Each structure stands twice: as structure tokens, then as C-alpha cells.
Amino acid sequence: MSALLTHRVEGDGPPVVLLNGGMMTIAAWHEVATSLVERFQVIRCDFRGQLLSPEKTSHGEPTTRLADHAADVVALLDHLDIDQAHVIGASFGGMIGVCLAADWPRRVTSLQAVTVGLRASERFDRSTRRVIEALDNDARGTVYDLVAEEVFSESYRRDHADVLASRRAATMALPDTWYGGLRRILETVLGFDLSAEAERVEAPSSVVVANLDEVMPPASSHQLATLLHAEVVEHPSAGHGLVMEDPRWLVETCLPFLERLTLERLGAS
């Protein structure tokens with residue numbers, strides 16, 4: 001039995017699981033969760049290697065595959081006595097959401113993959129290796145700067161320079177274990193390819209695309225949507241960090257999808 005992921009559960013109603021991007025934590029979903037919790041039971045968690053969850057399983061091993069992270073989510077649902085849930089995953093969390101829906105189809109009511117591509121591009125792997133190199137050199141400021149430049153749109157970086165400076169300082173103060181966990185997460189996504197998993201997903205799906213995404217190019221997100229037979233919604237001006245750049249828009253996009261499926265399930269019961 002794996003050590004349980006640190007989690008937070010709020011609200012009542014159909015369950016919705018929010019899955020973090022690689023450098024996100026439970027707190028990063030605050031604005032989205034606050035809006036969803038009025039109508040849904042919202043479950044947030046930190047993956048292994050993120051801030052609050054135990055880094056290793058109860059067997060003393062780190063989690064190094066997307067499928068293993070998905071299994072951790074299933075264990076959390078079992079602990080919470082939740083048979084099936086809607087899944088909204090951003091970036092790394094969206095990859096895990098695809099694996100979860102493919103490997104445990106009865107546990108996923110629907111899937112919304114936010115800023116997720118079908119497979120790693122050469123640029124993605126090159127950028128990821130640059131961050132890993134900075135981690136190996138303990139260049140914490142460089143780690144944040146490299147990630148921020150790729151993740152956030154130019155306009156967001158310009159208009160929220162003070163916010164990013166504050167986050168940079170907070171990130172540099174995080175413990176060594178977090179940086180080690182981040183390195184393992186980055187190694188996990190090097191060369192990722194979700195083609196086989198996406199072809200097995202049966203859950204109703206939506207792919208949310210950020211049109212200025214430089215980490216997961218929109219063309220790759222559209223390829224993922226094709227294999228998922230998913231709806232596609234596009235944000236015209238956000239970068240990869242859509243969850244933080246425009247959480248209100250994300251709620252307005254995700255909520256109608258969730259509500260429509262909830263009504264369809266009620267009508268079918």
C-alpha cells in the first residue's frame with residue numbers, strides 16, 4: 001500500500017479531481033476550486049515530488065512513471081470512497097489524467113486535459129534538459145527563470161512582474177526535497193508520448209488549448225484531442241500557465257462541460 005497523497009476535499013456534489021502541473025501545488029488551484037466547490041465536491045492533491053505529499057511510497061521508492069502517479073490518484077479515490085470522478089488536469093496533471101482514464105476507465109466520469117500535448121517535441125525535451133541541468137548545478141534562480149520564460153505568456157510576465165518576483169523568491173526558499181522531486185517529475189516527462197493511452201480513453205473528454213503555449217504547442221494539443229475524440233476549447237492569449245494566467249476563464253470553460261455531463265447522467269439514471 002502506497003503512502004497516501006496529501007489532499008484537500010471541499011464541497012458536496014459530483015466529485016471533481018484537480019491534478020497539478022509539474023510545478024503546481026494544491027494552492028495553485030485556489031480560484032478554480034473556489035468556483036467549482038459551490039456545485040461539486042472538489043479534490044486537490046500534490047503528487048509525489050511536489051510540496052506536501054510524501055516523496056516516496058511506503059516501499060521507499062520514488063514514483064517515476066506517469067502510470068504510477070495515476071495509480072496514486074486511484075489509491076486516493078479508494079481512500080475517499082469515491083468510485084468515479086470528473087478529472088481536470090493541467091500539463092503534467094493532464095498527462096496523468098489521460099493515463100488514469102486509459103488504465104482505470106471506470107474511475108473517470110470525464111476528462112478535461114488543460115495545456116497538454118500528444119507527445120514531447122524536440123524543443124520540449126531540450127528545454128526540460130536545460131532545467132534539469134540547472135537543478136543539478138543547484139542554480140535555483142535559473143530554474144525558476146527558465147520555467148517562467150517558457151510557461152507564462154510575454155504579456156503576463158510584463159503585467160505581473162511583481163507577482164512573478166514574489167513567486168521566484170518563494171520558490172528559491174523551498175526545501176531540497178522539492179527540488180529533487182521536481183527533477184524526477186521532469187525526468188518522467190522527457191520524451192513523453194500519450195498516443196497509446198489516448199487511443200484507449202473512453203470517457204467524454206475536452207482539451208483546453210492555450211494559443212500562446214510554447215511548452216505544449218497548440219498543434220500537439222489538437223492531435224491529442226483527435227485521438228481522444230474530444231471537444232476543443234482555445235484561449236486566445238494565454239501561455240502554458242493558463243491555470244494561473246486566467247483562472248476565471250478556465251472555470252467558465254470547464255463548468256459548462258461538467259454541468260452538461262452531470263445533467264446527462266441524471267437523465268440516464
Side-chain angles (χ1 to χ4, degrees), residues 5-10 16-37 42-55 63 66 69-70 72-73 76 87-100 111-117 124 127-128 131 135 140 143-153 156-157 160 163-164 166-175 177-189 192 208 210 213-216 221 235 238-251 253-254:
L5 299 178
T6 299
H7 57 280
R8 181 177 300 168
V9 182
E10 300 168 287
V16 178
V17 181
L18 304 178
L19 300 181
N20 295 345
M23 290 186 70
M24 289 172 62
T25 67
I26 286 172
W29 287 104
H30 174 73
E31 291 188 55
V32 174
T34 299
S35 297
L36 294 180
V37 78
V42 179
I43 301 100
R44 291 182 270 172
C45 62
D46 277 0
F47 293 117
R48 301 195 192 285
Q50 297 188 323
L51 188 59
L52 298 177
S53 284
E55 182 182 5
T63 302
L66 291 172
H69 286 288
D72 279 336
V73 177
L76 175 59
V87 174
I88 302 174
S91 189
F92 178 66
M95 297 180 200
I96 294 168
V98 172
C99 293
L100 179 63
L111 170 67
Q112 296 187 71
V114 181
T115 60
V116 185
F124 176 90
S127 298
T128 301
V131 178
L135 286 166
R140 297 187 173 194
V143 168
Y144 186 85
D145 293 341
L146 288 171
V147 171
E149 184 175 356
E150 292 275 336
V151 165
F152 298 110
S153 64
Y156 184 84
R157 296 198 307 271
H160 298 82
V163 174
L164 293 179
S166 176
R167 288 179 184 160
R168 185 181 192 272
T171 302
M172 289 182 66
L174 291 173
T177 53
W178 183 84
Y179 283 92
L182 174 60
R183 192 188 193 288
R184 273 183 283 280
I185 287 173
L186 294 176
E187 288 176 334
T188 298
V189 299
F192 79 89
V208 181
D213 194 338
E214 296 185 0
V215 178
M216 303 282 183
S221 296
H235 191 294
H240 187 68
L242 171 59
V243 174
M244 286 167 279
E245 288 197 29
D246 201 347
R248 180 174 297 181
W249 180 92
L250 185 59
V251 169
T253 296
C254 292

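Computed from a predicted structure; not experimentally measured.
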Donor-acceptor pair, [X] side chain versus [Y] backbone, under 3.5 Å?
| X | Y | answer |
| --- | --- | --- |
| E150 | S127 | no |
| S153 | A238 | no |
| Q50 | G22 | yes |
| T188 | L66 | no |
| E149 | R157 | no |

With a 4.5 Å cut-off on side-chain heavy atoms, are [Y] and [X] touching?
| X | Y | answer |
| --- | --- | --- |
| F152 | V147 | no |
| L52 | W178 | no |
| W249 | V208 | yes |
| V116 | M95 | yes |
| V114 | T253 | no |
| V215 | T115 | no |
| M24 | F47 | no |
| L164 | R167 | yes |

So how far is it from E10 CD to I43 CD1, rounded to the nearest 0.5 Å?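 Atom-to-atom, E10:CD and I43:CD1 are 10.0 Å apart.
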
Listed partners of S91 passing side-chain hydrogen bond (donor to acceptor under 3.5 Å, both in side chains), at least two apart: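 Checked S91 against side-chain hydrogen bond (donor to acceptor under 3.5 Å, both in side chains); matches are H240.
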
Under the ring pair (Phe, Tyr, Trp, His ring centres under 6.0 Å) test, which residues partner F124, sequence neighbours left out?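 F124 satisfies ring pair (Phe, Tyr, Trp, His ring centres under 6.0 Å) with F192 once adjacent residues are dropped.
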
